[in-house]
Amino acid sequence: RHTKTAPLPTYDEVLVCTPDTEEEEVELIVRRALSSDSQNQKIYCLLGAEKLVYKVSKQLESHFFRLLQSSTVPDYRFIIFCNAKAHNSYVITVFDTYKVTIPCYSKTEIQAYLSTHLKVPGGTAPVAQAFEEPYQQNVKFVFSNQAGMGR
């Protein structure tokens with residue numbers, strides 16, 4: 001359900017998948033989504049799940065269906081995002097019956113939503129002021145090839 005006031009997901013609700021994503025990481029987010037504590041309205045997400053290696057994809061399937069059978073949560077919220085062009089992905093094949101097409105929003109609608117939710121409260125984030133942009137946001141990505149070097 002689309003709502004302009006819904007918050008962005010928190011760090012514990014999202015797992016961004018890469019070929020290096022480990023089975024334990026996938027199991028943890030599935031457990032969070034299907035546990036009785038998940039009634040707190042959080043929406044758990046796997047992003048780029050098509051990038052998971054075969055072994056981890058198989059474990060995702062195993063954990064999900066095993067936990068689903070033992071879960072007492074009838075309305076869990078777990079979303080797996082995949083690139084629709086990744087036809088050879090095991091994850092896409094396994095979860096195909098659950099597939100839904102999400103509505104497309106315009107770039108303007110997406111930018112408006114993000115600018116509403118990513119603003120830095122006035123005077124509270126001096127680090128955000130290092131980025132020269134017309135509107136200050138509290139989310140920036142800094143990448144580094146070495147740990148601790150992304151300053």
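For the single chain, residues carry numbers from 1 onward in sequence order.
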Taking only residues two or more places apart in sequence or in another chain, which ones pass ring-ring contact (aromatic ring centres under 6.0 Å, His included) with Phe81?
-> none
Non-neighbouring partners of Asp12 that pass side chain to side chain donor-acceptor pair (under 3.5 Å), sequence neighbours left out | Thr10, Lys42
Close side-chain approach of Val91 and Cys82, heavy atoms under 4.5 Å | yes
State the CD-CD distance between Glu23 and Glu27, to the nearest 0.5 angstrom.
-> 6.5 Å
Atom of Val56, atom of Leu52 and distance for their closest heavy-atom approach = CG1-CD2, 3.9 Å
Treat each ILVMFWY residue as a node, draw an edge where side-chain heavy atoms are under 4.5 Å apart, and state whether Ile79 and Leu28 are in one component.
-> no
Of all the heavy-atom pairs spanning Ile80 and Ala49, show the shortest one and how long it is.
-> CG2-CB, 3.4 Å
Rounded to the nearest 0.5 Å, how far does NZ of Lys99 lie from OG1 of Thr93?
-> 10.0 Å
Closest non-hydrogen atoms of Glu13 and Ile43, given as atom of the first, atom of the second and distance, are OE1-N, 2.9 Å
Side-chain contact test, heavy atoms from C-beta onward, threshold under 4.5 Å: evaluate it for Leu34 versus Phe64 and give yes or no.
-> yes
What distance separates Arg32 CZ from Leu67 CG, expressed to the nearest 0.5 Å?
-> 13.5 Å
Atom pair OG/NZ of Ser89 and Lys51 - distance to nearest 0.5 Å | 11.5 Å
Check Ser57 against Tyr90 and note the closest heavy-atom contact, atom names and distance.
-> CB-CD2, 3.7 Å
Gap separating the CZ atom of Arg31 from the CD atom of Glu24, nearest 0.5 angstrom = 11.5 Å
Could you tell me whether the side chain of Tyr44 reaches within less than 4.5 Å of the side chain of Leu15, counting heavy atoms only?
-> no
Are Leu60 and Phe95 close enough that some pair of their side-chain heavy atoms sits under 4.5 Å apart?
-> yes
How would you list, by chain and number, every residue that makes a salt bridge (charged side-chain N to carboxylate O under 4.0 Å, His left out) with Lys55, sequence neighbours excluded?
-> none
Gap between atom CD1 of Ile92 and atom CG of Asn83 - 0.5 Å precision = 7.0 Å
